[in-house]
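One structure is given here, and the rest of the page talks about it.
Naming: A, B, ... by sequence-line order, numbering from 1 per chain. Remember, predicted model here, so these are calculated numbers, not experimental data.
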Amino acid sequence: MQYWLMKSEEDVYSIQDLEREGSTCWEGVRNYEARNIMRDGMKEGDLVLFYHSNADPPGVAGTARVVREAYPDHFAFDRKSNYFDPKSDPDNPRWLMVDVGWVETFPEKVSLARLREEDSLQEMALFTRKRLSVQPVEKDEFNRVVEMGRGG
DNA sequence: GCCAACGTTGGC
DNA sequence: GCCAACGTTGGC
């Protein structure tokens, strides 16, 4: 079992949207490192910190679970999609996505400011790899953030 | 809306 | 293969 953090712009897709829908495909990742993490790292059942970016405040809003492993992101082939990429060939797809299912919405979002104050979380990729939208999280880090999210 | 960080592109 | 220009992310 491994742990991950995935960022979504709050006004594009939030944990509340995921809670309502139950599960969703995580389309639109257009960064090779993030893609490789989904392709090579994410396994069904892995747990995910769901992070709201471009939010006030930004922070971890809940958790999710990988329910389908990496498969082609067909939005890259859709000319009308914001995620269209003319360089992705349907016969050799450049971009992948996973499906995630809702697990938990925290009573209160764990803000970036609170994460930053937490000594045990200083090594999180959230801080060391600021712009990566899909990133690995250590088990202890995951558990600590969940604890904080539940009010701990 | 600004802008720092940083990944990507493309000329050479 | 270098690196400047460019584009995007994402906090503030």
Side-chain angles (χ1 to χ4, degrees), chain A residues 2-21 24-42 46-66 70-100 102-138 140-142 144-152:
Chain A
Q2 295 185 88
Y3 301 88
W4 313 97
L5 180 147
M6 299 176 91
K7 298 179 185 173
S8 181
E9 293 184 44
E10 185 171 53
D11 59 353
V12 174
Y13 198 87
S14 69
I15 189 81
Q16 287 77 20
D17 293 322
L18 183 61
E19 180 168 2
R20 195 173 54 249
E21 294 180 9
T24 191
C25 58
W26 204 269
E27 79 278 14
V29 172
R30 297 291 178 269
N31 169 280
Y32 290 106
E33 189 173 358
R35 179 204 64 185
N36 294 348
I37 288 170
M38 290 196 296
R39 183 188 62 198
D40 305 331
M42 290 184 141
D46 286 355
L47 291 170
V48 176
L49 295 174
F50 193 118
Y51 182 90
H52 285 177
S53 61
N54 282 321
D56 185 21
V60 177
T63 58
R65 179 190 309 279
V66 177
Y71 63 103
D73 179 347
H74 59 80
F75 291 86
F77 314 135
D78 179 358
R79 211 165 268 289
K80 293 187 293 258
S81 169
N82 288 336
Y83 302 124
F84 176 64
D85 180 355
K87 284 176 279 189
S88 186
D89 174 1
D91 292 328
N92 184 19
R94 177 177 299 210
W95 302 115
L96 303 172
M97 57 187 174
V98 296
D99 288 356
V100 302
W102 178 80
V103 173
E104 177 177 11
T105 300
F106 293 151
E108 192 173 350
K109 187 193 288 175
V110 183
S111 70
L112 180 62
R114 285 190 64 210
L115 295 170
R116 197 179 272 137
E117 288 169 359
E118 190 72 16
D119 287 344
S120 61
L121 301 178
Q122 294 310 300
E123 300 306 314
M124 283 185 77
L126 191 61
F127 302 120
T128 60
R129 301 295 322 281
K130 290 199 314 183
R131 290 182 46 188
L132 194 58
S133 65
V134 177
Q135 49 183 258
V137 172
E138 296 299 322
D140 290 347
E141 295 169 341
F142 182 91
R144 181 65 191 125
V145 174
V146 168
E147 211 170 65
M148 293 167 78
R150 291 174 179 164

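Look at A:D73 and A:R30 and you find a salt bridge, because one of the NZ, NE, NH1 or NH2 atoms lies within 4.0 Å of a carboxylate O, short of that distance. The residues A:E141 and A:R144 are annotated as not salt-bridged, no charged nitrogen and carboxylate oxygen being separated by less than 4.0 angstrom. Remark: A:E10 engages A:K109 in a salt bridge, criterion side-chain N to carboxylate O under 4.0 Å.
In this structure, the CG atom of A:L132 is 16 Å from the C1' atom of C:dG11, given to the nearest Å. A:E10 has its CD atom 14 Å from the P atom of C:dG10, to the nearest Å. As rounded to whole Å, 18 Å separates atom P of C:dT9 from atom CG of A:L112. Rounded to an integer number of Å, the gap from A:L115 CG to C:dG10 P is 15 Å.
For the pairing with A:W102, the side chain to side chain contact (heavy atoms under 4.5 Å, CB included) check across A:R20, A:R65, A:E19 returns one residue only, A:E19.
Using bins of under 30°, 30° to 60° and over 60° for the plane-to-plane angle, the ring pair A:F142/A:Y3 lands in the tilted bin.
Between the side chains of A:D85 and A:W95, at least one donor N or O lies within less than 3.5 Å of an accepting N or O.
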Worksheet, complete the sentence: Symbol by symbol from the 5' end, with Watson-Crick or G-U pairs under 3.5 Å, [ ] crossing and | another strand, DNA chain C is ||||||||||||
Collect all protein-nucleotide pairs involving nucleotides 4-8 of chain B in which both atoms are nitrogen or oxygen and the distance is under 3.5 Å.
{"residue": "B:dA5", "atom": "N3", "partner": "A:R131", "partner atom": "NH1", "Å": "2.9"}
{"residue": "B:dC6", "atom": "O4'", "partner": "A:R131", "partner atom": "NH1", "Å": "3.2"}
{"residue": "B:dC6", "atom": "O2", "partner": "A:R131", "partner atom": "NH1", "Å": "2.2"}
{"residue": "B:dG7", "atom": "OP1", "partner": "A:R129", "partner atom": "NH2", "Å": "3.4"}

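Contact record, A:K7 with A:K130: NZ-O, 2.5 Å, taken as the closest heavy-atom pair.
At a threshold of 4.5 Å between non-hydrogen side-chain atoms, the residues A:M42 and A:V134 count as touching.
Each of A:E9 and A:A113 has a nearest nucleotide on DNA chain C; the 5'-most of these lies closest to A:E9.
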